[in-house]
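Just so you know, ligand 1 is whichever comes first in the structure, and atom 1 is the first atom listed for that ligand.
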Amino acid sequence: MAGLATVFGSGAMSNSVAEIERTDALFVIGSNTTENHPIIALRMKQAVRNGAKLIVADPRTIPLVKFAHLHLRHRPGTDITLLNTIMHVIVREGLEDREFIEARTTDFETFQKNLENFTPEYGEKITGVPARDIIEAARIYATAGRAGIYYTMGITQHSMGTDNVISLANLALLTGNIGREATGVNPLRGQNNVQGCCDMGCSPNVFPGYQSLTDPEVRERFEEVWGTRLPDKIGLTASEMIEAMLAGSLKGLYVMGENPAMSDPNTTHTLEAFRKLDFLVVQDIFLTETAELADVVLPAASFAEKDGTFTNSERRVQMVRKALSTPGRAKDDLWILGNLTARMGFNHVFESIRALGYKVPEDNDAKQTIMTPEQAFLEAGLLWPGIRGMTYQRLKNGGIQWPCPSQGHPGTPYLFRDSFPVGRPAFRSITPTESDELVDSDYPYVLTTGRILFQYHTGSMTRRSKALETVAPCPFIEINHRDAALLEILDEDPVTVTSRRGTISLIARVGDRVGPGVVFIPFHYREAAANLLTNNALDPICKIAEAKVCAVRIDKVGPTA
Ligand SMILES: Nc1nc2c(c(=O)[nH]1)N[C@H]1C(S)=C(S)[C@@H](COP(=O)(O)OP(=O)(O)OC[C@H]3O[C@@H](n4cnc5c(=O)[nH]c(N)nc54)[C@H](O)[C@@H]3O)O[C@H]1N2
Ligand SMILES: Nc1nc2c(c(=O)[nH]1)N[C@H]1C(S)=C(S)[C@@H](COP(=O)(O)OP(=O)(O)OC[C@H]3O[C@@H](n4cnc5c(=O)[nH]c(N)nc54)[C@H](O)[C@@H]3O)O[C@H]1N2
Ligand SMILES: [Mo]
């Protein structure tokens with residue numbers, strides 16, 4: 001059975017951002033789009049103005065809810081039950097797309113059978129969403145001509161994150177909402193070039209272009225062009241590296257453009273792992289909390305200070321051009337890596353350039369020791385047909401969406417029109433599992449963490465901006481007014497929040513943004529770092545940490561009434 005996860009393996013949107021305006025129904029789940037993808041949110045609002053129906057499934061009343069026909073405010077960690085229940089209703093009411101199911105999928109019968117117990121009443125009991133709303137959501141999504149799913153970290157950052165994503169794929173396949181314009185399964189990516197990083201093989205199991213490093217033929221091709229032997233064993237994910245550092249099997253680490261000392265869950269555990277390293281290099285544009293721990297810090301250039309390409313959520317490769325000169329002794333990332341590998345005596349650069357048909361200077365030391373961004377891009381195209389048809393010349397006239405296999409190819413706005421890379425994907429029955437840490441009498445609140453509009457992650461960049469600090473200067477916890485009343489906490493009161501892993505102090509924001517029993521803290525603020533509280537339990541398949549659910553206690557600071 002071809003795994004559904006590999007259907008959407010690149011992590012990119014199946015469809016394009018511009019298509020959002022032409023959908024008939026939008027299902028936004030676990031994505032605070034207005035705050036975290038404001039430009040995409042504008043398209044969603046336009047879709048609603050054009051007559052589309054918007055369903056938001058989120059434990060918090062996020063700003064997008066104002067535009068929604070339906071808000072499913074489920075309990076954090078109950079997405080699978082919610083989705084299975086929606087699919088139960090679709091099948092019960094005969095709203096599934098039989099033609100699509102027969103032509104393009106397999107294993108529907110077993111799948112359908114396994115949905116039988118997920119009645120709306122059962123769904124309500126587990127998720128807290130009224131049964132009638134679940135029924136309405138099923139009808140809106142399944143009867144729309146074109147329906148798109150948009151999801152982000154509310155879906156993935158769970159110990160069952162992979163199963164959550166597979167459930168969304170099931171939903172799209174069930175209704176034939178994939179492989180057509182303005183439909184699809186669309187993860188809105190996070191960092192500005194995270195898609196480009198994945199495309200270029202920044203995952204432990206693949207080379208550039210999602211080509212498996214355990215496939216000997218693939219490996220041979222890369223070895224030939226790169227002129228070196230390559231490992232045939234899958235490496236560690238970033239989250240697994242922490243455990244390997246603690247175990248002493250990983251002794252050296254090179255961190256580039258990441259600040260794990262603040263962004264990884266369970267900070268105390270993370271810092272303990274970092275202290276065990278023999279050697280740490282950090283390459284960043286600022287001196288971060290992680291850089292403070294490093295043996296060597298390599299100052300890098302920011303996006304505005306270099307040439308190259310960035311790839312966005314919709315697989316669009318776009319050129320960036322150097323607009324500012326680099327401050328101090330900072331150098332761009334490619335320059336640093338090129339020089340580092342050159343000093344290690346490695347000149348694969350010239351092997352691959354030769355393979356591209358470039359004339360390689362005889363005295364390559366003197367003439368050119370490192371690759372230019374354009375050469376690196378050409379080399380990537382040599383090894384990955386998905387971008388082979390793109391050149392800097394073409395990209396100068398605007399971005400192009402992969403796959404773009406040849407010079408005359410216009411690029412691909414949406415995927416899977418005629419087929420899936422895995423052939424006919426199988427429906428996969430997903431049994432709900434519980435979050436790793438559940439509430440109890442000692443830690444009675446579910447903490448979910450995330451972002452706000454005015455700050456970016458660990459704040460290494462945004463907290464240097466006076467304007468942003470004026471608008472969003474300090475950490476806070478969102479708490480429902482009913483819980484606040486029980487705890488005798490008023491809006492703006494200082495509180496402490498404690499989990500099994502740590503304690504932080506911050507102010508309370510009392511209201512109705514979260515439901516009773518749930519609290520939210522943004523993870524941007526080092527003075528009350530949310531990751532001191534979070535759980536480092538991992539999804540067993542993709543190894544993402546459960547940043548979206550852990551159990552906490554809240555205490556009022558100062559004299560109680
Ligand atoms: N301003 C700003 N924009 C950003 C970023 C930033 O730091 N600041 N970061 C960028 C990056 S790298 C990323 S990955 C994206 C992240 O973008 P988002 O995923 O939109 O951001 P989050 O705030 O992490 O959480 C998303 C939503 O998940 C909901 N949620 C919590 N628990 C659950 C659950 O169990 N189920 C469901 N369905 N929903 C749940 C939260 O209430 C929240 O509304 O944003 C990108 N954009
Ligand atoms: N509790 C909790 N924790 C989370 C999450 C959550 O929702 N809740 N979300 C998780 C997610 S989705 C993400 S993406 C991570 C983000 O976690 P990180 O990636 O660790 O956070 P950032 O603060 O974005 O760090 C990026 C660093 O890159 C540097 N940088 C910027 N541009 C360049 C460049 O061109 N070159 C180099 N070398 N460096 C550069 C910045 O200065 C910054 O220090 O956090 C994760 N952690
Ligand atoms: Mo992210």
Note to self: Could you identify the single nearest non-hydrogen protein atom to atom 8 (N) of ligand 2 and state the distance to 0.1 Å?
What the structure shows: T449 OG1, 2.9 Å
Check: Of the protein's non-hydrogen atoms, which lies at the shortest distance from atom 20 (O) of ligand 1, and what is that distance?
Finding: N32 N, 2.8 Å
Next item on the list: Work out whether the distance between some heavy atom of R189 and some atom of ligand 1 is less than 4.0 Å.
Entry: no
Next item on the list: Determine whether any heavy atom of T156 lies closer than 4.0 Å to an atom of ligand 1.
Entry: no
Checklist line | N/O separation below 3.5 Å, A301 to ligand 2 | finding: yes
Next item on the list: Measure the distance from atom 18 (P) of ligand 1 to every protein heavy atom, then report the residue, atom name and distance (to 0.1 Å) of the closest one.
Entry: N36 ND2, 3.3 Å
Margin query: Between H524 and Y456, is the ring pair (Phe, Tyr, Trp, His ring centres under 6.0 Å) condition met? List the steps.
Written below: CA-CA 7 Å; H524 308 299; Y456 195 81; 8.0 Å; no
Margin query: Is it the case that the side chains of D58 and H71 hold a donor-acceptor pair, with the cut-off being a distance below 3.5 Å and no angle test?
Written below: no
Check: How close does the nearest protein non-hydrogen atom get to atom 16 (C) of ligand 2, and which residue and atom is it?
Finding: H457 ND1, 3.4 Å
Notebook entry, point to check: Is it the side chain (CB and beyond), the backbone, both or neither of M262 that lies under 4.0 Å from ligand 2, heavy atoms counted?
Noted result: neither
Notebook entry, point to check: Within a strict 4.5 Å, meaning less than it, do heavy atoms of the E314 and Q401 side chains meet?
Noted result: yes
Notebook entry, point to check: Can you list the atoms of ligand 2 that are under 4.0 Å from a heavy atom of T458?
Noted result: 21 (O), 22 (P), 23 (O)
Checklist line | Salt bridge E21-R43, side-chain N to carboxylate O under 4.0 Å | finding: yes
Notebook entry, point to check: N/O to N/O below 3.5 Å, does that happen between I452 and ligand 1?
Noted result: yes
Next item on the list: Flag this pair as yes if the NZ/CZ of R60 is under 6.0 angstrom from the six-membered ring centre of F520 and inside a 45 degree cone about the axis; otherwise no.
Entry: yes
Check: Counting only heavy atoms not in R329, do more than 12 sit closer than 6.0 Å to its CZ atom?
Finding: no
Item checked: Residue and atom name of the nearest protein heavy atom (relative to atom 11 (C) of ligand 1), distance in Å to one decimal -> G190 CA, 3.2 Å
Next item on the list: Using a strict 4.0 Å cut-off to heavy atoms of Y456, name the atoms of ligand 2 that fall inside it.
Entry: 24 (O)
Note to self: For a quick check under 3.5 Å, do N164 and S167 share a side-chain donor-acceptor pair by atom type?
What the structure shows: no
Notebook entry, point to check: Among protein heavy atoms, which lies nearest atom 24 (O) of ligand 1, and at what distance?
Noted result: R451 NH1, 2.6 Å
Item checked: Protein contact of atom 25 (O) of ligand 2 - nearest heavy atom, named by residue and atom, plus distance -> N259 N, 3.9 Å
Next item on the list: Would you mind checking which non-hydrogen protein atom is closest to atom 3 (N) of ligand 2, with the distance to 0.1 Å?
Entry: N531 ND2, 3.2 Å
Item checked: Nearest neighbour in protein (non-hydrogen) for atom 26 (C) of ligand 2 -> G257 O, 3.4 Å
Next item on the list: Would you mind checking which non-hydrogen protein atom is closest to atom 38 (N) of ligand 1, with the distance to 0.1 Å?
Entry: D79 OD1, 2.7 Å
Item checked: ligand 2 N/O within reach of S302 N/O, cut-off under 3.5 Å -> no
Next item on the list: Give the contacting part of A547 toward ligand 2: side chain, backbone, both or neither, where contact means a heavy-atom distance below 4.0 Å.
Entry: side chain
Check: At a non-hydrogen distance cut-off of under 4.0 Å, which region of T448 contacts ligand 1 (side chain, backbone, both, or neither)?
Finding: side chain
Next item on the list: For atom 19 (O) of ligand 2, find the nearest protein heavy atom and state the residue, atom name and distance (0.1 Å precision).
Entry: Q191 NE2, 2.9 Å
Notebook entry, point to check: If you measure every N/O of T534 against every N/O of ligand 2, is any gap under 3.5 Å?
Noted result: no
Check: So which heavy atom in the protein is nearest atom 42 (O) of ligand 1, and how far is it from that ligand atom?
Finding: D58 OD1, 2.6 Å
Check: Which residue supplies the protein heavy atom nearest to atom 36 (N) of ligand 2, what is that atom called, and how far is it?
Finding: D333 OD2, 2.8 Å
Next item on the list: Would you mind checking which non-hydrogen protein atom is closest to atom 47 (N) of ligand 2, with the distance to 0.1 Å?
Entry: S263 O, 2.7 Å
Item checked: Identity and distance of the protein heavy atom lying nearest atom 35 (O) of ligand 1 -> G77 N, 2.8 Å
Checklist line | Residues R73 and D133 bridged, charged N to O under 4.0 Å | finding: no
Notebook entry, point to check: In the protein, what heavy atom is nearest to atom 34 (C) of ligand 1, and what distance, to one decimal place, separates them?
Noted result: G154 O, 3.3 Å
Notebook entry, point to check: Can an N or O of T288 be found at a distance shorter than 3.5 Å from an N or O of ligand 2?
Noted result: no
